[in-house]
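Have a look at the structure below before the remarks.
In what follows, chains carry the letters A, B, and so on, assigned in the order in which the sequence lines appear, proteins first and then strands, with residues in each chain numbered from 1.
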4 protein chains.
Amino acid sequence: MSGQQRGRPRSSHAHQAVLTATLELLTSGGYQRLTMEAIAAEAGVGKQTVYRWWPSKAAIVAEAVLSGHLATDASPLAETGDVLTDLRDWLSGQLARLTDPSSTALLRGLTAAAAESDTDAAKLYEQFTGPFRQYLVQRLAIGVRQGQLRPDARLDAAADLVIGALIYRTLTHGNLSGQGGADDLIEVLFAGLGLRAGVTPTSPG
Amino acid sequence: MSGQQRGRPRSSHAHQAVLTATLELLTSGGYQRLTMEAIAAEAGVGKQTVYRWWPSKAAIVAEAVLSGHLATDASPLAETGDVLTDLRDWLSGQLARLTDPSSTALLRGLTAAAAESDTDAAKLYEQFTGPFRQYLVQRLAIGVRQGQLRPDARLDAAADLVIGALIYRTLTHGNLSGQGGADDLIEVLFAGLGLRAGVTPTSPG
Amino acid sequence: MSGQQRGRPRSSHAHQAVLTATLELLTSGGYQRLTMEAIAAEAGVGKQTVYRWWPSKAAIVAEAVLSGHLATDASPLAETGDVLTDLRDWLSGQLARLTDPSSTALLRGLTAAAAESDTDAAKLYEQFTGPFRQYLVQRLAIGVRQGQLRPDARLDAAADLVIGALIYRTLTHGNLSGQGGADDLIEVLFAGLGLRAGVTPTSPG
Amino acid sequence: MSGQQRGRPRSSHAHQAVLTATLELLTSGGYQRLTMEAIAAEAGVGKQTVYRWWPSKAAIVAEAVLSGHLATDASPLAETGDVLTDLRDWLSGQLARLTDPSSTALLRGLTAAAAESDTDAAKLYEQFTGPFRQYLVQRLAIGVRQGQLRPDARLDAAADLVIGALIYRTLTHGNLSGQGGADDLIEVLFAGLGLRAGVTPTSPG
DNA sequence: CGGTAAGCGAGACGGTACGTCGTGTCTTTCG
DNA sequence: CGAAAGACACGACGTACCGTCTCGCTTACCG
């Protein structure tokens, strides 16, 4: 009878409350207000409980991101059949979202969490950007299969360029011009991917 | 004129010592060791002196970057006449530098400094990446003038893509494959810039 | 009942250590060395713990005095049956003790603590001198009961005079002449200034 | 002789302003507000000027007291011919003055200044209380000469008792009962504790 | 009358201590 | 035996004064 549940079981309620509190504090007050004490207090949870489940602030943020508590808005790209349009729309949407203060707060907080921990940094960042990267590559791969893109296009590198630019622009430029910014990136990107005949990579207008 | 010198003039020695100490601590111990007290102690300076000159840690790092105390290795691109070669070499060099632990520590510290201050973030980041961006655009502009690149190429967007990718890869990937990584990025970039006939953008077999 | 014990109880060990450290620093280095940081360090205690228990330095000193951690040497007067002898001996003893550097350091520190806080001053002083005052009045009262002193003698006023003189002499005179000083005070106390016939010293009806 | 006047003479205006500022700060805000910087600022004087003239805060207070900038109200006792009345009136007046908040602030500040400096303490205190003591002894001596007091009365000891009691009562008791308090002290002083027959209070020859 | 020397207000300097806040660990009681 | 509560040792924060040190500017005496 040794394998039996002893003592009080872990409270999944506490677990959820911590993740929710983390979201709340991160989007509202930035990374500065995201202290372990504030998380515990906001969640109505003992500090020890937080430390029992997560080794660091970065770990909490990481799980909050992965578990969907943080609205990262990582959505698959549309598949209209035209990879150019789909990518442009997706990129415009992402840039639009990044004008929202809570999104920039989140991204900045994430960056801070990554920067502060030598060990968790890479992991955290990859977990956060992973889904975006995955959706991007998936859609581009379809474009390749459909003959719209060169078969030997470096999809991974392209995804890195796109995501890196998104983050970089968010962190540096105060105001992002939603549509124009996307078009410029698209412009550079698509010719690089070897867009074939009949498709004009230039922007509308 | 009322704005004349009153009281003891500010010590440029103290000023320099703080910037030097900031570099030392940032590259050696990471952003965690970069406390105001450590900076003051390392510089042999009173804390008040630090606060008298800079309002925040981010501001110190920003000036340390700009003043050249931090070896950011932002160098102009070579001009061999072949923009492809020049960009590839430069990119390889940057990626190689970013494998150096002190460089990643610096970049991470910079990111942390940017993330911790809502106000200084954009400014700090732009100051740090500004020179890189400028050199990139300059060389690409020459390529345009020499007819190697499309006259309507979006140089700014290309620079954003490159720098964003550099930072992103540094923060996420533990190990960067110096040559291959650069080639992939080059591959995507150059066709996008409308590389003309006779120049092969593909990587070495 | 809502007022029940929650969380970790306060450490009486820390409490004691602070009082002991206060004594040590006060008697050895004077009030200047008695800083909150020094107390915490000497006691092996966090500063926060000190502030959690006491609102000010004066409060710590006050409790250290009351709790007997500070050797104030407030002892009852002997009862040989002769109030004159008992008072003279006690007074000589106190004056002798006050030639001890650590005692003067303590008294001076106490005075400094009292002076630095408008609110705690009176309380602190009274707590310190209270026992002395009490023992004095007690012995004098016995003298009255035994018919050695006038039944209408102002014992409180006499005690104030004695204690005030002790403090005053300690703070002003560098060197106190143990025996002679006591005798002079005794002389005045017991016989007064010897008001001559026809003059009534008592207060108006 | 080399000791002749060279350079700009010291500004008596600055000197006066410092003493006045010291008074102002000491009586208004207590000893806590009496910082060197506050004195210099209030006096409109450079800090160095203050340090050039006085080695310590206690020294400033001491001179402020002596120079009459501080209204210590040390006045001679009246000489109506009746030493009892004169002393009682004087004592009542002093106790009345000591109910004034600015007077207690001054006395407390003085005590603090004395307590904080091992070296200046005695000197400072004696300078402050000296005049009071002197006036007291003078009047008592007249009483002796006029045959109202015993020729062998210990006048110095009596003065110490009176002044000590005044200070002690001010520092400890929140409210001093002007008249009654004086009468009690007078009672003890003049008639003593009324030692009964057969007991000789005098000291050894 | 110009030179020289010291005092002047101002304020930055290297320090120390302040009182607060956050860290990660611990020790209670309660469920 | 987990979880809340919260005290613990520790260390960094940003501020206030300390006593010292330059600055540019008087204000005297001097040769």
Starting from the 5' end of DNA chain F, give me the residue, D:Ala38 or B:Lys57, whose nearest nucleotide shows up first.
-> B:Lys57

What's the CH2-C1' distance between A:Trp54 and E:dT23, to the nearest Å?
-> 18 Å

Rounded to the nearest 0.5 Å, how far does CG of A:Leu34 lie from CD1 of A:Ile39?
-> 4.0 Å

Protein-nucleotide distance (D:Gln48, atom CD; F:dC17, atom C1'), rounded to Å | 15 Å

Under-4.0 Å side-chain N/O to phosphate OP1/OP2 contact, C:Thr49 with F:dA9 = yes

Proximity to the side chain of B:Glu37 - top-ranked nucleotide from F:dC17, E:dA17, F:dC13 = F:dC13

Distance-only donor-acceptor test (3.5 Å): side chain B:Lys47, base F:dG14 | yes

Closest to the side chain of C:Tyr51, out of F:dC30, E:dC18, E:dC21, is E:dC18

Going by modelled atom types, is there a donor-acceptor pair between the base of F:dC21 and the side chain of B:Arg8 at under 3.5 Å?
-> yes

Against the side chain of C:Trp53, the closest entry in F:dC17, F:dC8, F:dC13 is F:dC8

Whichever of D:Gly46 and D:Gly7 has its nearest DNA chain E nucleotide further upstream toward 5' = D:Gly7

Keeping the roles fixed (side chain from A:Thr49, backbone from A:Val45), state whether a donor-acceptor pair exists under 3.5 Å.
-> no

Selected nucleotide, minimal atom distance to D:Ala14 side chain, candidates E:dG14, F:dC8, E:dG9 = E:dG9

Quick one: sort the B:Trp53 and B:His15 rings into parallel, tilted or perpendicular, breaks at 30° and 60°.
-> perpendicular

Take the protein atom CZ of A:Arg52 and the nucleotide atom C1' of F:dA4, then report the distance between them rounded to whole Å.
-> 10 Å

Return the value, rounded to whole Å, for the distance between atom CD of B:Gln5 and atom C1' of E:dA12.
-> 10 Å

Figure out the CD/C1' separation between C:Glu42 and F:dA9, and round it to whole Å.
-> 16 Å

Taking side chain as C-beta onward, heavy atoms only, is B:Trp54 less than 4.5 Å from B:Val18?
-> yes

Phosphate OP1/OP2 of E:dG7 contacted by D:Arg10 side-chain N/O (<4.0 Å) | yes

Mind calculating the distance between CG (A:Leu25) and P (E:dG22) to the nearest angstrom?
-> 12 Å

Here the gap from D:Glu42 atom CD to D:Arg33 atom CZ, rounded to the nearest 0.5 Å, amounts to 7.5 Å

Atom CD of A:Gln32 to atom P of F:dA12: distance rounded to whole Å?
-> 18 Å

Between atom NE2 in A:His15 and atom P in F:dA4, what is the gap in whole Å?
-> 13 Å

